[in-house]
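Have a look at the structure below, then the notes.
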Amino acid sequence: MPSTTVATDLPERLLRNLSRVTGDEKHDAAAHSTLDVLWVLYSRVLRLTPESGRDRFLLSKGHGPASYYAVLATIGVIPEEWLDDLAGFSSPLGHHPDRMLVPGVEISSGSLGHGLPIAVGLARGLALAPGAAGSGDVHVLVGDAELDEGSNHEAIALAGRWRLDRLRCVVVDNDSASLGWPGGIARRFEVEGWSAAHADAADHDALHRALMQPATGPHVTVVRTARKGS
């Protein structure tokens, strides 16, 4: 169930679907910490159609995809019956999401530190492409522990230099990081020219406002959720 300690505004169908995804209890904390953010993104933020101007969503925190699969099933992107066979021999749903097997998945992920650099490249490519004015935004979800990876530091710096105003990063903070950053997570982005907002995972209205905050460059939303193991 959701990792926050406050009641959340999540539909019963979504929670039932999440309960069907079993077999990877080791990563329950990683998976459940993203549930509220994923639901607000897919139900209130992301523009998935038409193809020519749609938003892109990249799950960098792919080592616990149960919530991701539950959300995709709830909105009708994948069949709900797939949820009953995580990592089965013939199942398309693996312990890491595979873009070649799962509809709606933009990148195969799970190895920490890859999603944000890919998102920077995608946002830059969309900005330079013909007809870029009609392109959507690129949203990427990372975990706070992922920010220990040096590849993310380079991506944060480059995005700020390029003023990638279509790049929107969400950091789910459940106190998993080993290294941290002086001044906190948001400050790490702000010193490189990003705008930043904070929200609690349980407050969906505040989370929506933070995710939609206007920006003239890249934007990060730091989402506080229950501490891992609590």
To the nearest 0.5 Å, atom NE2 of His208 lies from atom OG of Ser43 at 8.0 Å

Sorted by chain and number, sequence neighbours left out, side chain to side chain donor-acceptor pair (under 3.5 Å) with Glu51 holds for Arg54

Side-chain donor-acceptor distances from residues 107-122 under 3.5 Å, at least two apart:
residue	atom	partner	partner atom	Å
Ser108	OG	Arg99	N	3.0
Ser109	OG	Leu59	O	2.5

To the nearest 0.5 Å, atom CD of Glu12 lies from atom OG of Ser19 at 10.0 Å

- Query: Would you say Thr216 and Asp165 make side-chain contact, with heavy atoms under 4.5 Å?
  - Reply: no

Nearest heavy-atom contact between Asp55 and Val45 is OD2-O, 3.9 Å

Side-chain donor-acceptor contact under 3.5 Å, Gln213 with Ser195: no

>> Applying side chain to side chain contact (heavy atoms under 4.5 Å, CB included) to Val40 and Leu211, what does each step give before you reach the verdict?
In response: CA-CA 9 Å; Val40 172; Leu211 293 169; 3.9 Å; yes

**OP:** Spell out, as yes or no, whether a donor-acceptor pair under 3.5 Å connects the side chain of Arg163 to the backbone of Gly193.
**Re:** yes

(Q) Between the side chains of Asp137 and Arg168, is the shortest nitrogen-to-carboxylate-oxygen separation below 4.0 Å, so that they form an ion pair? (A) no

- Is there a donor-acceptor contact under 3.5 Å from the side chain of Ser67 to the main chain of Thr34? no

The side chain to side chain donor-acceptor pair (under 3.5 Å) partners of Arg188 (sequence neighbours excluded) come to none

_Hydrophobic cluster membership, with links at side-chain heavy-atom distances under 4.5 Å among I/L/V/M/F/W/Y: are Trp82 and Leu15 in one?_
yes

Subject >> Trp162 with Val191, same ILVMFWY side-chain cluster at under 4.5 Å >> reply: no

Common cluster, Phe57/Met212, ILVMFWY with side-chain heavy-atom separation under 4.5 Å: yes

Any side-chain heavy-atom pair of Asp148 and His153 under 4.5 Å: no

Answer yes when Arg224 and Asp173 have at least one side-chain N-carboxylate O distance shorter than 4.0 Å, and no when they do not. yes

Heavy-atom nearest pair, His139 first then Leu41, reads ND1-CD2, 4.0 Å

Side-chain donor-acceptor pairs of residues 68-80 under 3.5 Å, sequence neighbours excluded:
residue	atom	partner	partner atom	Å
Tyr69	OH	Gly94	N	3.4
Tyr69	OH	Gly94	O	2.8
Thr74	OG1	Asn17	ND2	2.9
Thr74	OG1	Ala70	O	2.7
Glu80	OE2	Arg13	NE	2.6
Glu80	OE2	Arg13	NH2	2.6
Glu80	OE2	Asn17	ND2	3.4

Of all heavy-atom pairs linking Ala123 and Leu164, the shortest is CB-CD1, 4.2 Å

Is the shortest side-chain heavy-atom distance between Leu10 and Leu35 below 4.5 Å?
yes

Correct closest heavy-atom pair for Gly136 and Leu126 would be O-CD1, 4.3 Å

key: Worked verdict on Leu83 versus Leu93 for side chain to side chain contact (heavy atoms under 4.5 Å, CB included)   = CA-CA 8 Å; Leu83 303 175; Leu93 303 185; 4.2 Å; yes

In this structure, OG1 of Thr22 is separated from CG of Asp84 (nearest 0.5 Å) by 8.0 Å

Residue pairs passing the salt bridge (charged side-chain N to carboxylate O under 4.0 Å, His left out) test with at least one member in residues 57-72, sequence neighbours excluded, are none

>> Set out, in order, the CA-CA distance, both residues' side-chain angles and the distance that settles salt bridge (Lys or Arg N to Asp or Glu O under 4.0 Å) for Asp205 and Arg44, then state yes or no.
In response: CA-CA 10 Å; Asp205 288 337; Arg44 301 174 65 172; 3.1 Å; yes

The ring-ring contact (aromatic ring centres under 6.0 Å, His included) partners of Trp39 (sequence neighbours excluded) come to none

- Query: Mind checking whether Val140 and Val170 have side chains closer than 4.5 Å, heavy atoms only?
  - Reply: no

Of all heavy-atom pairs linking Pro65 and Pro97, the shortest is CB-CD, 3.8 Å

| task | Decide yes or no on side chain to side chain contact (heavy atoms under 4.5 Å, CB included) for Asp144 and Val172, but give the supporting numbers first. | result | CA-CA 6 Å; Asp144 60 324; Val172 174; over 6 Å; no

Decide whether Trp181 and Ile185 are clustered together by the hydrophobic rule: side chain heavy atoms of Ile, Leu, Val, Met, Phe, Trp, Tyr closer than 4.5 Å, transitively. no

Item checked: Min side-chain heavy-atom separation His95-His63 under 4.5 Å -> no

Closest non-hydrogen atoms of Asp36 and Leu207, given as atom of the first, atom of the second and distance, are O-CD2, 4.1 Å

Is the shortest side-chain heavy-atom distance between Val171 and Thr221 below 4.5 Å?
no

When rounded to the nearest 0.5 Å, the distance separating CG of Asn152 from OG of Ser60 is 6.5 Å

Exercise. Would you say the side-chain atoms of Glu146 pair up with the backbone N or O of Gly143, donor to acceptor, closer than 3.5 Å?
Worked result: yes

| query | Can you check side chain to side chain contact (heavy atoms under 4.5 Å, CB included) on Cys169 and His219, steps first, answer last? | reply | CA-CA 6 Å; Cys169 180; His219 178 72; over 6 Å; no

